[in-house]
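Note that this is a predicted model, so its numbers are computed, not measured. Throughout, protein chains are lettered first and strands after them, A, B, ... in sequence-line order, and every chain is numbered starting at 1.
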There are 2 protein chains.
Amino acid sequence: MSSRPDPSLATQFAALGDPTRLAIVDRLIADGPLPAGALQDVADISAPAISRHLKVLRQAGLVQQRVDAQRRIYAVDPEAIRAIGTWTITRQEFWQGSLDRLAVLLDPDKD
Amino acid sequence: MSSRPDPSLATQFAALGDPTRLAIVDRLIADGPLPAGALQDVADISAPAISRHLKVLRQAGLVQQRVDAQRRIYAVDPEAIRAIGTWTITRQEFWQGSLDRLAVLLDPDKD
DNA sequence: CCATTAATTAACGCATATGTTATATATATG
DNA sequence: CATATATATAACATATGCGTTAATTAATGG
(Lines give C-alpha, C1' and ligand atoms only; values in the text may rest on other atoms or scores of the structure.)
Protein backbone atom coordinates (compact mmCIF):
# COMPACT_ATOMS: atom_id res chain seq x y z
CA MET A 1 0.00 0.00 0.00
CA SER A 2 3.07 2.21 0.37
CA SER A 3 1.62 4.76 2.77
CA ARG A 4 5.01 6.07 3.83
CA PRO A 5 5.39 9.83 3.55
CA ASP A 6 7.64 11.26 0.86
CA PRO A 7 8.57 14.79 1.86
CA SER A 8 10.62 15.40 -1.30
CA LEU A 9 10.24 18.79 -2.88
CA ALA A 10 8.69 17.43 -6.07
CA THR A 11 6.13 15.57 -3.98
CA GLN A 12 5.30 18.73 -2.06
CA PHE A 13 4.92 20.70 -5.26
CA ALA A 14 2.71 17.98 -6.69
CA ALA A 15 0.52 18.06 -3.60
CA LEU A 16 0.08 21.82 -3.94
CA GLY A 17 -0.56 21.46 -7.65
CA ASP A 18 -4.18 20.49 -7.17
CA PRO A 19 -6.45 23.56 -6.79
CA THR A 20 -8.52 21.93 -4.06
CA ARG A 21 -5.47 21.00 -2.04
CA LEU A 22 -3.93 24.42 -2.48
CA ALA A 23 -7.19 25.90 -1.21
CA ILE A 24 -7.12 23.58 1.79
CA VAL A 25 -3.58 24.62 2.67
CA ASP A 26 -4.40 28.29 2.24
CA ARG A 27 -7.44 27.88 4.45
CA LEU A 28 -5.51 26.11 7.17
CA ILE A 29 -2.81 28.78 7.10
CA ALA A 30 -5.36 31.59 7.25
CA ASP A 31 -7.67 30.10 9.88
CA GLY A 32 -5.35 27.83 11.81
CA PRO A 33 -6.03 24.15 12.65
CA LEU A 34 -9.44 22.89 11.57
CA PRO A 35 -11.34 19.61 11.62
CA ALA A 36 -11.81 17.92 8.24
CA GLY A 37 -15.49 18.84 8.20
CA ALA A 38 -14.72 22.55 8.31
CA LEU A 39 -12.82 22.23 5.04
CA GLN A 40 -15.86 20.91 3.24
CA ASP A 41 -16.59 24.21 1.53
CA VAL A 42 -13.22 24.78 -0.16
CA ALA A 43 -14.60 22.94 -3.18
CA ASP A 44 -17.86 21.50 -4.37
CA ILE A 45 -16.90 17.88 -3.76
CA SER A 46 -17.88 15.11 -1.37
CA ALA A 47 -16.47 14.56 2.11
CA PRO A 48 -14.56 11.43 1.07
CA ALA A 49 -12.88 13.47 -1.68
CA ILE A 50 -11.72 16.04 0.87
CA SER A 51 -10.55 13.25 3.13
CA ARG A 52 -8.36 11.84 0.38
CA HIS A 53 -6.89 15.23 -0.48
CA LEU A 54 -5.95 15.55 3.17
CA LYS A 55 -4.26 12.18 2.99
CA VAL A 56 -2.18 13.33 0.02
CA LEU A 57 -1.17 16.48 1.89
CA ARG A 58 -0.28 14.42 4.93
CA GLN A 59 1.86 12.01 2.92
CA ALA A 60 3.66 14.93 1.34
CA GLY A 61 4.46 16.18 4.82
CA LEU A 62 2.55 19.40 4.34
CA VAL A 63 -0.10 18.90 7.01
CA GLN A 64 -0.28 17.11 10.30
CA GLN A 65 -3.22 15.41 11.93
CA ARG A 66 -4.34 15.51 15.53
CA VAL A 67 -7.15 13.38 16.91
CA ASP A 68 -9.86 14.97 19.02
CA ALA A 69 -12.65 12.51 19.82
CA GLN A 70 -14.20 11.65 16.48
CA ARG A 71 -12.68 14.70 14.85
CA ARG A 72 -9.38 14.87 13.00
CA ILE A 73 -7.82 18.28 13.37
CA TYR A 74 -5.55 19.27 10.51
CA ALA A 75 -2.77 21.83 10.60
CA VAL A 76 -0.14 22.90 8.10
CA ASP A 77 3.46 22.15 9.03
CA PRO A 78 5.22 25.55 9.02
CA GLU A 79 8.56 23.96 8.20
CA ALA A 80 7.13 22.50 5.02
CA ILE A 81 5.97 25.89 3.79
CA ARG A 82 9.30 27.36 4.68
CA ALA A 83 10.99 24.60 2.66
CA ILE A 84 9.17 25.79 -0.44
CA GLY A 85 10.37 29.32 0.21
CA THR A 86 13.88 28.07 0.74
CA TRP A 87 13.91 26.44 -2.67
CA THR A 88 13.20 29.77 -4.33
CA ILE A 89 15.54 31.66 -2.04
CA THR A 90 18.51 29.42 -2.68
CA ARG A 91 18.04 30.42 -6.31
CA GLN A 92 18.09 34.08 -5.44
CA GLU A 93 21.02 34.96 -7.70
CA PHE A 94 18.75 33.95 -10.52
CA TRP A 95 15.98 36.48 -9.94
CA GLN A 96 18.37 39.19 -8.68
CA GLY A 97 16.31 41.95 -10.21
CA SER A 98 13.38 41.23 -7.94
CA LEU A 99 15.47 40.80 -4.84
CA ASP A 100 14.91 44.18 -3.26
CA ARG A 101 11.15 44.02 -3.64
CA LEU A 102 11.21 40.65 -1.93
CA ALA A 103 13.47 41.91 0.85
CA VAL A 104 10.93 44.62 1.61
CA LEU A 105 8.21 42.01 1.93
CA LEU A 106 10.35 39.98 4.24
CA ASP A 107 11.44 42.86 6.46
CA PRO A 108 10.23 42.17 10.02
CA ASP A 109 10.05 45.94 10.71
CA LYS A 110 7.65 46.48 7.88
CA ASP A 111 4.00 47.14 8.83
CA MET B 1 -6.66 22.57 -28.48
CA SER B 2 -6.47 25.00 -25.60
CA SER B 3 -2.77 25.79 -25.73
CA ARG B 4 -3.14 29.04 -23.85
CA PRO B 5 -0.90 29.36 -20.84
CA ASP B 6 -2.39 29.19 -17.35
CA PRO B 7 0.03 30.88 -15.00
CA SER B 8 -2.08 30.21 -11.92
CA LEU B 9 -0.16 29.20 -8.83
CA ALA B 10 -1.70 25.73 -8.69
CA THR B 11 -0.69 25.16 -12.30
CA GLN B 12 2.86 26.25 -11.54
CA PHE B 13 3.03 23.97 -8.53
CA ALA B 14 1.68 21.09 -10.60
CA ALA B 15 4.32 21.73 -13.26
CA LEU B 16 7.08 21.59 -10.65
CA GLY B 17 5.52 18.51 -9.10
CA ASP B 18 7.05 16.16 -11.64
CA PRO B 19 10.65 15.18 -10.75
CA THR B 20 11.83 15.43 -14.36
CA ARG B 21 10.36 18.91 -14.79
CA LEU B 22 11.78 20.07 -11.48
CA ALA B 23 15.18 18.80 -12.65
CA ILE B 24 14.79 20.69 -15.93
CA VAL B 25 13.98 23.92 -14.12
CA ASP B 26 16.86 23.44 -11.70
CA ARG B 27 19.20 22.76 -14.61
CA LEU B 28 18.08 25.85 -16.53
CA ILE B 29 18.50 28.01 -13.43
CA ALA B 30 21.97 26.61 -12.73
CA ASP B 31 23.30 26.63 -16.29
CA GLY B 32 21.27 29.39 -17.91
CA PRO B 33 19.37 29.08 -21.22
CA LEU B 34 19.84 25.76 -23.02
CA PRO B 35 18.52 24.09 -26.17
CA ALA B 36 16.08 21.22 -25.62
CA GLY B 37 18.72 18.69 -26.63
CA ALA B 38 21.02 19.72 -23.81
CA LEU B 39 18.32 18.75 -21.30
CA GLN B 40 18.24 15.20 -22.53
CA ASP B 41 20.27 13.88 -19.62
CA VAL B 42 18.13 15.16 -16.75
CA ALA B 43 16.26 11.86 -16.93
CA ASP B 44 16.51 8.57 -18.74
CA ILE B 45 13.65 9.26 -21.12
CA SER B 46 13.22 9.93 -24.84
CA ALA B 47 13.52 13.29 -26.54
CA PRO B 48 9.78 13.53 -27.21
CA ALA B 49 9.16 13.05 -23.51
CA ILE B 50 11.49 15.93 -22.67
CA SER B 51 9.80 18.01 -25.33
CA ARG B 52 6.43 17.48 -23.74
CA HIS B 53 7.69 18.31 -20.29
CA LEU B 54 9.00 21.56 -21.71
CA LYS B 55 5.59 22.25 -23.17
CA VAL B 56 3.99 21.81 -19.75
CA LEU B 57 6.52 24.17 -18.19
CA ARG B 58 5.89 26.68 -20.94
CA GLN B 59 2.12 26.54 -20.51
CA ALA B 60 2.54 27.07 -16.78
CA GLY B 61 4.54 30.19 -17.56
CA LEU B 62 7.66 28.84 -15.91
CA VAL B 63 9.91 28.77 -18.96
CA GLN B 64 10.17 30.73 -22.15
CA GLN B 65 11.24 29.61 -25.57
CA ARG B 66 13.52 31.34 -28.04
CA VAL B 67 14.13 30.05 -31.55
CA ASP B 68 17.70 29.80 -32.90
CA ALA B 69 17.76 28.13 -36.31
CA GLN B 70 16.52 24.59 -35.73
CA ARG B 71 17.17 24.85 -32.01
CA ARG B 72 14.68 25.90 -29.33
CA ILE B 73 16.43 27.65 -26.49
CA TYR B 74 14.66 27.39 -23.15
CA ALA B 75 15.04 29.69 -20.18
CA VAL B 76 13.28 29.95 -16.84
CA ASP B 77 11.20 33.06 -16.26
CA PRO B 78 12.67 34.66 -13.11
CA GLU B 79 9.35 36.29 -12.25
CA ALA B 80 7.68 32.90 -12.12
CA ILE B 81 10.19 31.59 -9.59
CA ARG B 82 9.82 34.74 -7.57
CA ALA B 83 6.05 34.24 -7.58
CA ILE B 84 6.49 30.89 -5.85
CA GLY B 85 8.65 32.59 -3.24
CA THR B 86 6.08 35.32 -2.82
CA TRP B 87 3.39 32.80 -2.04
CA THR B 88 5.39 31.51 0.90
CA ILE B 89 6.51 34.95 1.97
CA THR B 90 3.02 36.39 2.11
CA ARG B 91 2.36 33.65 4.65
CA GLN B 92 5.33 34.65 6.72
CA GLU B 93 3.37 35.25 9.90
CA PHE B 94 2.61 31.60 9.77
CA TRP B 95 6.16 30.28 9.92
CA GLN B 96 7.40 33.12 12.14
CA GLY B 97 9.74 30.85 14.03
CA SER B 98 11.85 30.26 10.98
CA LEU B 99 11.86 33.87 9.91
CA ASP B 100 15.28 34.86 11.17
CA ARG B 101 17.01 31.92 9.56
CA LEU B 102 15.35 32.84 6.27
CA ALA B 103 16.31 36.48 6.64
CA VAL B 104 19.96 35.46 6.92
CA LEU B 105 19.69 33.53 3.69
CA LEU B 106 18.11 36.47 1.96
CA ASP B 107 20.57 39.09 3.23
CA PRO B 108 22.29 40.73 0.22
CA ASP B 109 25.37 41.50 2.38
CA LYS B 110 25.85 37.87 3.27
CA ASP B 111 28.77 36.04 1.52
C1' DC C 1 18.72 18.44 -54.06
C1' DC C 2 19.44 15.02 -50.58
C1' DA C 3 21.03 13.85 -46.09
C1' DT C 4 21.68 15.33 -41.39
C1' DT C 5 20.43 17.60 -37.26
C1' DA C 6 16.97 19.39 -33.89
C1' DA C 7 12.78 19.26 -32.13
C1' DT C 8 7.86 18.65 -32.19
C1' DT C 9 3.50 16.28 -33.00
C1' DA C 10 0.74 11.93 -33.64
C1' DA C 11 -0.97 7.69 -32.07
C1' DC C 12 -1.16 4.56 -28.72
C1' DG C 13 -0.80 1.82 -24.07
C1' DC C 14 -0.82 1.80 -19.38
C1' DA C 15 -0.50 3.70 -14.67
C1' DT C 16 -2.13 7.05 -11.54
C1' DA C 17 -5.44 10.49 -9.99
C1' DT C 18 -9.89 12.09 -8.90
C1' DG C 19 -14.51 11.86 -8.46
C1' DT C 20 -18.71 9.19 -6.92
C1' DT C 21 -21.71 6.21 -3.69
C1' DA C 22 -21.79 2.64 -0.26
C1' DT C 23 -19.82 0.75 3.78
C1' DA C 24 -16.98 0.70 7.93
C1' DT C 25 -15.05 2.60 12.25
C1' DA C 26 -15.03 5.23 16.25
C1' DT C 27 -16.81 8.43 19.53
C1' DA C 28 -20.59 10.85 21.77
C1' DT C 29 -25.18 11.08 23.52
C1' DG C 30 -30.28 10.36 24.70
C1' DC D 1 -27.90 0.19 23.85
C1' DA D 2 -29.46 2.59 19.78
C1' DT D 3 -28.62 6.43 17.18
C1' DA D 4 -26.27 10.43 15.60
C1' DT D 5 -21.97 12.57 14.27
C1' DA D 6 -17.35 12.74 12.15
C1' DT D 7 -14.28 10.77 9.22
C1' DA D 8 -12.06 7.25 6.69
C1' DT D 9 -11.86 3.28 3.50
C1' DA D 10 -13.69 0.27 -0.34
C1' DA D 11 -15.09 -0.35 -4.85
C1' DC D 12 -15.67 1.45 -9.02
C1' DA D 13 -15.79 4.63 -13.44
C1' DT D 14 -13.58 7.87 -16.01
C1' DA D 15 -10.03 11.32 -16.88
C1' DT D 16 -5.41 12.73 -17.02
C1' DG D 17 -0.52 12.03 -17.15
C1' DC D 18 3.58 10.07 -18.88
C1' DG D 19 6.07 6.94 -21.42
C1' DT D 20 7.04 4.76 -26.06
C1' DT D 21 7.93 4.59 -31.33
C1' DA D 22 6.82 6.50 -35.81
C1' DA D 23 6.07 10.35 -38.59
C1' DT D 24 6.42 15.41 -39.44
C1' DT D 25 8.45 19.98 -39.73
C1' DA D 26 12.23 22.99 -40.28
C1' DA D 27 16.92 24.50 -40.96
C1' DT D 28 21.83 23.39 -42.30
C1' DG D 29 25.34 21.81 -45.28
C1' DG D 30 27.72 18.74 -48.77
Side-chain angles (χ1 to χ4, degrees), chain A residues 1-6 8 10-25 27-28 31 33-76, chain B residues 1-6 8 10-25 27-28 31 33-76:
Chain A
M1 200 96 282
S2 147
S3 186
R4 89 186 77 143
D6 173 10
S8 83
T11 299
Q12 294 182 332
F13 278 138
L16 294 173
D18 179 274
T20 298
R21 286 193 294 263
L22 184 55
I24 288 173
V25 168
R27 186 59 133 42
L28 288 176
D31 294 4
L34 291 174
L39 295 164
Q40 190 61 52
D41 61 334
V42 301
D44 192 25
I45 57 179
S46 65
I50 295 286
S51 181
R52 286 177 52 190
H53 280 304
L54 286 167
K55 187 177 188 177
V56 172
L57 290 170
R58 198 148 26 90
Q59 287 175 343
L62 286 165
V63 308
Q64 284 170 352
Q65 190 192 55
R66 171 169 63 87
V67 176
D68 171 43
Q70 70 270 64
R71 289 192 182 79
R72 310 296 149 90
I73 312 297
Y74 288 92
V76 174
Chain B
M1 203 95 287
S2 146
S3 184
R4 91 186 74 146
D6 173 10
S8 84
T11 300
Q12 295 182 330
F13 278 138
L16 294 174
D18 179 272
T20 299
R21 287 193 294 266
L22 184 55
I24 288 173
V25 169
R27 184 60 132 41
L28 289 175
D31 294 2
L34 291 174
L39 296 163
Q40 190 61 51
D41 61 336
V42 300
D44 192 25
I45 57 179
S46 65
I50 295 287
S51 182
R52 286 178 52 188
H53 280 305
L54 286 167
K55 187 177 188 177
V56 171
L57 289 170
R58 196 149 25 91
Q59 286 174 344
L62 287 166
V63 307
Q64 284 170 352
Q65 191 193 55
R66 171 169 64 87
V67 175
D68 171 44
Q70 70 269 66
R71 289 192 183 79
R72 309 298 148 87
I73 312 296
Y74 287 91
V76 174

**Q** Report yes if a side-chain nitrogen or oxygen of B:Ser46 is closer than 4.0 Å to either non-bridging phosphate oxygen (OP1 or OP2) of D:dT20; otherwise report no.
**A**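 Answer yes for this pair, as a side-chain N or O of B:Ser46 is under 4.0 Å from OP1 or OP2.
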**Q** Taking only side-chain nitrogens and oxygens of B:Arg71, does any of them come within less than 4.0 Å of OP1 or OP2 of C:dA6?
**A**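 The answer is yes; a side-chain N or O of B:Arg71 sits under 4.0 Å from OP1 or OP2.
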**Q** Rounded to the Å, how far apart are A:Leu54 CG and C:dG19 P?
**A**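 Going from CG in A:Leu54 over to P in C:dG19 covers 12 Å.
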**Q** Distance check: side-chain N/O of B:Tyr74 vs OP1/OP2 of C:dT8, anything under 4.0 Å?
**A**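 So the side chain of B:Tyr74 is within the cut-off, an N or O lying under 4.0 Å from OP1 or OP2 of C:dT8.
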**Q** Whole angstroms only, please: what is the CG-C1' distance between B:Asp18 and C:dT16?
**A**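 Taking atom C1' of C:dT16 as the reference, CG of B:Asp18 is at 13 Å.
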**Q** Report the distance from atom CG of A:Leu57 to atom P of D:dT7, rounded to the nearest whole Å.
**A** 16 Å
**Q** Counting heavy atoms from C-beta on, name the nucleotide in D:dG19, D:dA8, D:dT28 closest to the side chain of B:Arg52.
**A**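 Nucleotide nearest to B:Arg52's side chain: D:dG19.
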**Q** Given that A:Asp68 and A:Ala47 both sit by DNA chain C, which one's nearest nucleotide is further toward the 5' end?
**A**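 Taking each residue's closest nucleotide, the earlier one in sequence belongs to A:Ala47.
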**Q** Between A:Thr20 and B:Pro35, which residue's closest nucleotide on DNA chain C lies nearer the 5′ terminus?
**A**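 First, find each residue's nearest nucleotide; the 5'-ward one identifies B:Pro35.
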**Q** For residues B:Gln65 and B:Leu54, determine if any side-chain heavy atom of one lies less than 4.5 Å from a side-chain heavy atom of the other.
**A**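 No, side chains not in contact.
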**Q** Would you say A:His53 reaches C:dA17's phosphate, i.e. side-chain N/O to OP1/OP2 under 4.0 Å?
**A**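 Answer no for this pair, as no side-chain N or O of A:His53 is under 4.0 Å from OP1 or OP2.
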**Q** Quick one: A:Ile24 CD1 to C:dT18 P, roughly how many Å, whole number?
**A** 11 Å
**Q** Heavy-atom distance under 4.5 Å between the side chains of B:Val42 and B:Ile50, does that happen here?
**A** yes
**Q** Taking the side chain as every heavy atom from C-beta outward, state whether B:Arg27 and B:Asp41 have any atom pair closer than 4.5 Å.
**A**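 Side chain of B:Arg27 against side chain of B:Asp41, heavy atoms only: contact under 4.5 Å found.
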**Q** Look at all strands and tell whether A:Pro48 reaches a base, only sugar-phosphate, or nothing, counting heavy atoms closer than 4.0 Å.
**A** base
**Q** Would one find a side-chain N or O of A:Gln40 under 4.0 angstrom from OP1 or OP2 of D:dT7?
**A** no
**Q** Is any side-chain heavy atom of B:Arg72 closer than 4.5 Å to a side-chain heavy atom of B:Val67?
**A** yes
**Q** Return the value, rounded to whole Å, for the distance between atom NZ of A:Lys55 and atom C1' of C:dT16.
**A** 14 Å
**Q** Please check if the number of heavy atoms outside B:Asp44 that lie under 6.0 Å from its CG is greater than 12.
**A**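 Check fails, neighbour count at 12 or below.
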**Q** To the nearest angstrom, how far is A:Gln65 atom CD from D:dA8 atom P?
**A** 6 Å
**Q** Taking only the side-chain nitrogens and oxygens of A:Arg72, find out if one of them lies under 4.0 Å from OP1 or OP2 of C:dA26.
**A**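 No, no such contact exists.
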**Q** Nearest to the side chain of B:Gln70, which nucleotide is it out of C:dT21, C:dT5, D:dA6?
**A**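 For the B:Gln70 side chain, the nearest candidate turns out to be C:dT5.
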**Q** Rounded to whole Å, how long is the line connecting atom CD1 of B:Ile73 with atom P of C:dT5?
**A** 18 Å
**Q** For B:Ile45 and D:dG17, what is the distance between atoms CD1 and C1' respectively, to the nearest whole Å?
**A**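 So the two atoms are 13 Å apart, to the nearest Å.
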